[in-house]
Asks: 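Before anything else, here's the structure in question.
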There are 2 protein chains.
Amino acid sequence: MARLSSPTRDRILDAAGKLFYAEGLRAVSMDGIAEAVGVTKRTLYYHFRSKDDLIAAWLQMRDQPNLAVFQHWFARSEGDVADKVQAIFDQLARAARRRTWKGCGFLRASVELVNLPGHPAIAAARAHKKRVEAWLCSVLREVGDDMIAQTLARQVILLLDGAFAVVLLHRDPEYFEVAGAAAAALIRRGRHEILKEQRRS
Amino acid sequence: MARLSSPTRDRILDAAGKLFYAEGLRAVSMDGIAEAVGVTKRTLYYHFRSKDDLIAAWLQMRDQPNLAVFQHWFARSEGDVADKVQAIFDQLARAARRRTWKGCGFLRASVELVNLPGHPAIAAARAHKKRVEAWLCSVLREVGDDMIAQTLARQVILLLDGAFAVVLLHRDPEYFEVAGAAAAALIRRGRHEILKEQRRS
DNA sequence: TTGAGTATATTCACTGGTCGGTATATATTT
DNA sequence: AAATATATACCGACCAGTGAATATACTCAA
């Protein structure tokens, strides 16, 4: 039986993930992955039951690190919450200038697997995006009550994923900055409404 | 030589488009399309040079009608510009409740063809999204000057495409409503800034 | 310490099926 | 007869996945 962790398994996940992100899930064959890892295709099927399993394992593996990058960018930056959220978009604009940048692997997977609604990779993508949304909600809690924070978190997520899609299409990182400005404006407006309510009471 | 228009050609485009939208570009084979049209595969290749050509022709054909739907929803609705833009999101929320809804075909094509940057379908998708953005810019011109209108148009596009992506992932049409509220808020804020400047002068 | 036995890990060679695309022939229309 | 349009049958390449054999590493009794 294959173990849950082994050097070979990690090498497979790493190489396969790079290929999936660079070329797309369906554009990458198991033969191609095997060659990239320097291993026979049979070894792939020793460590993973199927290609679909490998895809899902890759996305599950990326969940925590991806969220950690957002949290890092947020924590490192100066200013109020709106500034810190905007900093995430600025960093993404920088990343998107690299030729190797190809958008969000989770969103892309959900598009490529749109005809397989029960695919485990889609569940992984959903879980990841919900974790990001929940984290945003927690840091936006200082702006307003639960409902305001939740709505703002959703709006930020919409701008974030919108920028992923639009920048991938037009290859124009400026959209990340425009999205960041919109996110900051919405957050400040949320805070503003609270101040208005405080004055009222 | 194949003509630019013929009943058979139209039937192919129609059936192929439905399949592409429902299943994804790579998940649909030319054999499958031929069977759906009720025609031999050879006939497909008489009317279209390749599968890639067929994909591009489908997206080019969808450009104008898709934009027209947005314009129709905008024109039919009551209220100011912010309300009318929000109405587009509300209508999309309604559409997304259908089981057959699968997001935006243009965005999905750009994701599926991410490893073929020069693909004609990507050019078609870019042109379509830019046309939508330009139209939004023209209707937002009444809110502020060219720069304000352009920024707002981009922010609306970001929320629109973000909602396409997020709703496709979570299958939760509510995100369209949240996105519409954000778009309306940003537009009203744009108008508000103008009023402030007018007061100042 | 060694050697038999066992679980783990990997290789080679292969399969059935699907894919995009085509060579050739044949209708149908002008 | 010439141009347009469709059908039959086929090709080589690629794809996900597998059967059988083998190498490596660990376990434990003599």
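For the numbers below, each heavy atom of this structure counts, side chains included, while hydrogens, waters and symmetry mates do not.
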Asks: Does the side chain of B/His47 get closer than 4.0 angstrom to OP1 or OP2 of D/dT6 through an N or O atom?
Replies: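 Checking D/dT6 against B/His47, a side-chain N or O does come within under 4.0 Å of OP1 or OP2.
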Asks: May I ask you to check whether over 12 heavy atoms, not counting those of B/Lys84, lie within 6.0 Å of atom NZ?
Replies: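 Correct, the count exceeds 12.
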Asks: Quick one: pull up CD in B/Gln71 and CD in B/Gln64 and give me the separation to the nearest 0.5 Å.
Replies: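 Answer for the CD-CD pair, B/Gln71 versus B/Gln64, is 7.5 Å.
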Asks: In whole angstroms, how far is the C1' atom of C/dA9 from the CG atom of A/Leu44?
Replies: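 Taking atom C1' of C/dA9 as the reference, CG of A/Leu44 is at 13 Å.
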Asks: Among all residues two or more places apart in sequence or in another chain, which pass the salt bridge (charged side-chain N to carboxylate O under 4.0 Å, His left out) test with B/Arg62?
Replies: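 In terms of salt bridge (charged side-chain N to carboxylate O under 4.0 Å, His left out), with neighbours along the sequence ignored, B/Arg62 is linked to no residue.
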Asks: For the pair B/Arg108 (side chain) and B/Lys102 (backbone), establish whether a donor and an acceptor sit closer than 3.5 Å, ignoring hydrogens and angles.
Replies: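 It does hold such a pair.
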Asks: Would you mind reading off the distance between B/Ile12 atom CD1 and D/dA7 atom C1', rounded to a whole angstrom?
Replies: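 For the pair B/Ile12 CD1 and D/dA7 C1', the rounded distance is 14 Å.
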Asks: Got a sec, which residues hit salt bridge (charged side-chain N to carboxylate O under 4.0 Å, His left out) with A/Lys41, two or more places apart in sequence or on another chain?
Replies: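 A/Asp31.
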Asks: Could you tell me whether the phosphate oxygens of D/dT6, OP1 or OP2, come under 4.0 Å of any side-chain nitrogen or oxygen in B/Thr8?
Replies: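 So the side chain of B/Thr8 is within the cut-off, an N or O lying under 4.0 Å from OP1 or OP2 of D/dT6.
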Asks: Look at the side-chain N and O atoms of B/Thr43 and state whether any lies under 4.0 Å from the OP1 or OP2 oxygen of D/dA7.
Replies: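 So the side chain of B/Thr43 is within the cut-off, an N or O lying under 4.0 Å from OP1 or OP2 of D/dA7.
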Asks: Based on the rotation axes of five pairs at each end, what angle does the helix from C/dT1-D/dA30 to C/dT30-D/dA1 bend through, to 10°?
Replies: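 End-to-end axis angle for the helix from C/dT1-D/dA30 to C/dT30-D/dA1: 0°, rounded to 10°.
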Asks: Scan residues 118-128 of chain A for pairs that pass side chain to side chain donor-acceptor pair (under 3.5 Å), counting only residues two or more places apart or in two chains.
Replies: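 Passing the test, one end in residues 118-128 of chain A: A/Asp52-A/His119, A/Asp63-A/His128.
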Asks: Using a cut-off of less than 4.0 Å, is there contact between a side-chain N or O of A/Tyr46 and OP1 or OP2 of C/dA9?
Replies: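 So the side-chain polar atoms of A/Tyr46 do come within 4.0 Å of the phosphate oxygens OP1 or OP2 of C/dA9, strictly under.
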Asks: Centres of the B/Trp135 and B/Phe74 rings: under 6.0 Å?
Replies: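 Yes, ring centres under 6.0 Å apart.
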Asks: Determine, for nucleotides 12-29 of chain C in 5'-to-3' order, which nucleotides have protein heavy atoms under 4.0 Å from the base (write B), from only the sugar-phosphate (write S), or from neither (write -).
Replies: B------SBBBBB-----
Asks: Could you tell me which residues satisfy salt bridge (charged side-chain N to carboxylate O under 4.0 Å, His left out) with A/Arg97, sequence neighbours excluded, listed by chain and number?
Replies: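 By the salt bridge (charged side-chain N to carboxylate O under 4.0 Å, His left out) rule, A/Arg97 matches A/Glu177.
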Asks: To the nearest Å, give me how far apart CZ (B/Arg9) and P (D/dT6) are.
Replies: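 About 13 Å, once rounded to whole Å.
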